[in-house]
A.B. asks: 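Supplied in structure tokens, the structure appears directly below.
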Amino acid sequence: MIYYNSTRGGEKNITASQAILKGLACDGGLFMPDRIPEFDFNVKDLCGKTYQEIAYEVMKLYLTDYTKEELCECIAGAYDEKFDTEEIAPITYADGAYYLELYHGATIAFKDMALSILPHLMTVAAKKNNVSDKIIILTATSGDTGKAAMAGFADVPGTGIIVFFPKGGVSHIQQLQMTTQRGANVTAVAIHGNFDDAQTGVKKIFGDAEFAEELRKKGVRLSSANSINIGRLVPQIVYYVYSYVKLLECGRIGENGKINISVPTGNFGNILAAYMAKCMGLPVDRLICASNDNKVLYDFFETGVYDKNREFVLTDSPSMDILVSSNLERLIYLSSGCDAQCNSRLMESLSRTGEYEVSSSMKDYMRDFAGGYADEERVHKKIKDLYDRTGYVIDTHTGVAAAVYEDYRNRTKDDKVTVIASTASPYKFSKAVVGAITGQAEGDDFEIIDRLSEISNTSVPNAVKELKTLEVRHKAECEKDNMKETVRQAIDWIS
């Protein structure tokens, strides 16, 4: 049995279902398994299996208090016709790398891969733990998590969801996806601030014991759909295992052949999932952590100093416009030998001064990670060059990962087979993509989307088409210091 502990030591030995229900530990820490389980299978034996079958083999190792029947039902309910490809996560080879397309779900971003299953995991968890309270999902988003979470939890009995996003800090399409979401139990609120302000506000609300008691008296408990929830992180491990199996099947790598993985990184959850796959036994060599102009993670891996005291840059890859990468705390915890006191001191320093420095031994533990960053000009050039050479079109976030990988390969001469996590459809950021490829992007969003369809010779996804006619339902805004009161009011009407 795997049990879960807070990275800050305040909660220990709780089950997977309890950790998923709680989302964030009461001490502000993140839940981590008491050990990272090793594969109980040979990876080559997964060849020929479906995404759903591989998901079960991986997730059962972490979610040990779920029965086989419960977990299989959750997987079947998540990875179904919502995805527009049978493979769920197809792989495309282009210009020397393998692009793992994680955007074929209902909201055309990689968050669908985990947020399609989280509502199922959570409702089963509530039953397992005899929870009768209404579960309100409270989430901050830099663009993609919000829509995917709203779509996942819309009209799910016994739940509600409140999403905070930075006003002006997401693409117009991302904003429309959230503000037009249907469902009697969902709402989206634009805060006057950036993503870090939204994320910090949400964490403060989770840590407010007095507010939690107020809600308990109303029969309400809070949980999270952000990647701080272990129920988000575990499903993300699956697609890295799946990608390796697909490369084995097509003969691109031999048994136990190592690969590199390049991930566009903001909140650090997606690349952490790749690292956990490696710890479980997946033959991975380097984890290339790709940053945009907000290169706080690149600087951290270079120096061992995490410093958020810098200018916040709005870029064409807004889901990566983050200066406080919450999931890095999990790696810090692991690098300290799971020393919760050490981790707590560092997180307190981050809260108090905006920075912390890890020890040399902790920095050495992280040697599997190679940091890199690409500015806007470099990203646009990579998108255009890839299109010109191959006709393949990628979004701006994937462009960051592709550019950083190219720089890494040129610098190190490391020519291992490399998987690039392609985290969003180019249609989600059509203006920036069309501008990068053609040098101009004139017209309204939907005219540009039609132009992208012509350029890429692909059909506009239904998730984008429908935005032309959907009613904007969520128009609320709030100051960053008024988020708790906004939550209080929202709960009254979505409960």
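Computed from a predicted structure; not experimentally measured.
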A.B. asks: Is a side-chain N or O of Tyr79 found less than 3.5 angstrom from the main chain of Ile117, in a donor-acceptor match?
C.D. replies: no

A.B. asks: Between Glu329 and Ile228, does the side chain to side chain contact (heavy atoms under 4.5 Å, CB included) criterion hold? Intermediate values first, please.
C.D. replies: CA-CA 10 Å; Glu329 179 172 345; Ile228 57 177; over 6 Å; no

A.B. asks: Applying the side chain to side chain contact (heavy atoms under 4.5 Å, CB included) test to Tyr356, which of Asp307, Ile332, Asn343 qualifies?
C.D. replies: Ile332

A.B. asks: Looking at Glu355 and Lys308, is there a salt bridge between them, counting it only when a charged N and a carboxylate O are closer than 4.0 Å?
C.D. replies: no

A.B. asks: Do any N or O atoms from the side chain of Tyr244 and from the backbone of Gly257 form a donor-acceptor pair under 3.5 angstrom?
C.D. replies: yes

A.B. asks: What's the verdict on side chain to side chain contact (heavy atoms under 4.5 Å, CB included) for Phe153 and Met122, showing C-alpha distance, side-chain angles and the deciding distance?
C.D. replies: CA-CA 10 Å; Phe153 282 93; Met122 197 167 282; 4.0 Å; yes

A.B. asks: Does a sphere of radius 6.0 Å around NZ in Lys480 hold more than 12 heavy atoms from other residues, nucleotides or ligands, not counting ones at 6.0 Å or beyond?
C.D. replies: no

A.B. asks: What I want to check is whether the side chains of Asn267 and Gln199 have a donor and an acceptor closer together than 3.5 Å.
C.D. replies: yes

A.B. asks: Would the Tyr275 and Phe369 ring centres measure less than 6.0 Å apart?
C.D. replies: yes

A.B. asks: Is Arg378 salt-bridged to Glu406, going by a charged N under 4.0 Å from an acidic O?
C.D. replies: yes

A.B. asks: Using the rule given for side chain to side chain contact (heavy atoms under 4.5 Å, CB included), can you reason through Glu57 versus Phe39, listing the C-alpha separation, both sets of side-chain angles and the distance that settles it, and then say yes or no?
C.D. replies: CA-CA 9 Å; Glu57 294 298 331; Phe39 292 152; over 6 Å; no

A.B. asks: Taking the six-membered ring for Trp, are Phe429 and His397 closer than 6.0 Å centroid to centroid?
C.D. replies: yes

A.B. asks: For the side chain of Glu479 and the backbone of His192, is there at least one donor-acceptor N/O pair under 3.5 Å apart?
C.D. replies: no

A.B. asks: Kindly check if the number of other-residue, nucleotide or ligand heavy atoms within 6.0 Å of CZ (Arg473) is above 12?
C.D. replies: yes

A.B. asks: Between the side chains of Arg411 and Asp407, is the shortest nitrogen-to-carboxylate-oxygen separation below 4.0 Å, so that they form an ion pair?
C.D. replies: no

A.B. asks: Does a donor on one side chain and an acceptor on the other come within less than 3.5 Å for Ser422 and Thr398?
C.D. replies: yes

A.B. asks: Regarding Thr315 and Asn292, is there a side-chain donor-to-acceptor distance under 3.5 Å anywhere?
C.D. replies: yes

A.B. asks: Does atom OH (Tyr306) have a neighbourhood of more than 12 heavy atoms from anything else shown, all under 6.0 Å?
C.D. replies: yes

A.B. asks: More than 12 heavy atoms of other residues, nucleotides or ligands under 6.0 Å from CD of Glu454: is that the case?
C.D. replies: yes

A.B. asks: Does atom CG of Asn457 have more than 12 heavy-atom neighbours, drawn from other residues, nucleotides or ligands, at distances under 6.0 Å?
C.D. replies: no

A.B. asks: Strictly below 4.0 Å, N to O, side chains only: are Arg310 and Asp299 in salt-bridge contact?
C.D. replies: yes

A.B. asks: Is Lys428 paired with Asp144 through a side-chain N to carboxylate O contact shorter than 4.0 Å?
C.D. replies: yes

A.B. asks: Using only atom types and a distance under 3.5 Å, with no angle test, would you say the side chain of Asn260 pairs donor to acceptor with the backbone of Arg286?
C.D. replies: yes

A.B. asks: Can you confirm whether or not the ring centre of Tyr99 sits under 6.0 Å from the ring centre of Tyr392?
C.D. replies: yes

A.B. asks: Please determine, by modelled atom types, if Lys147 and Gln181 share a side-chain donor-acceptor pair under 3.5 angstrom.
C.D. replies: yes

A.B. asks: Do you know which of Lys278, Lys258, Lys363 makes salt bridge (Lys or Arg N to Asp or Glu O under 4.0 Å) with Asp368?
C.D. replies: Lys278

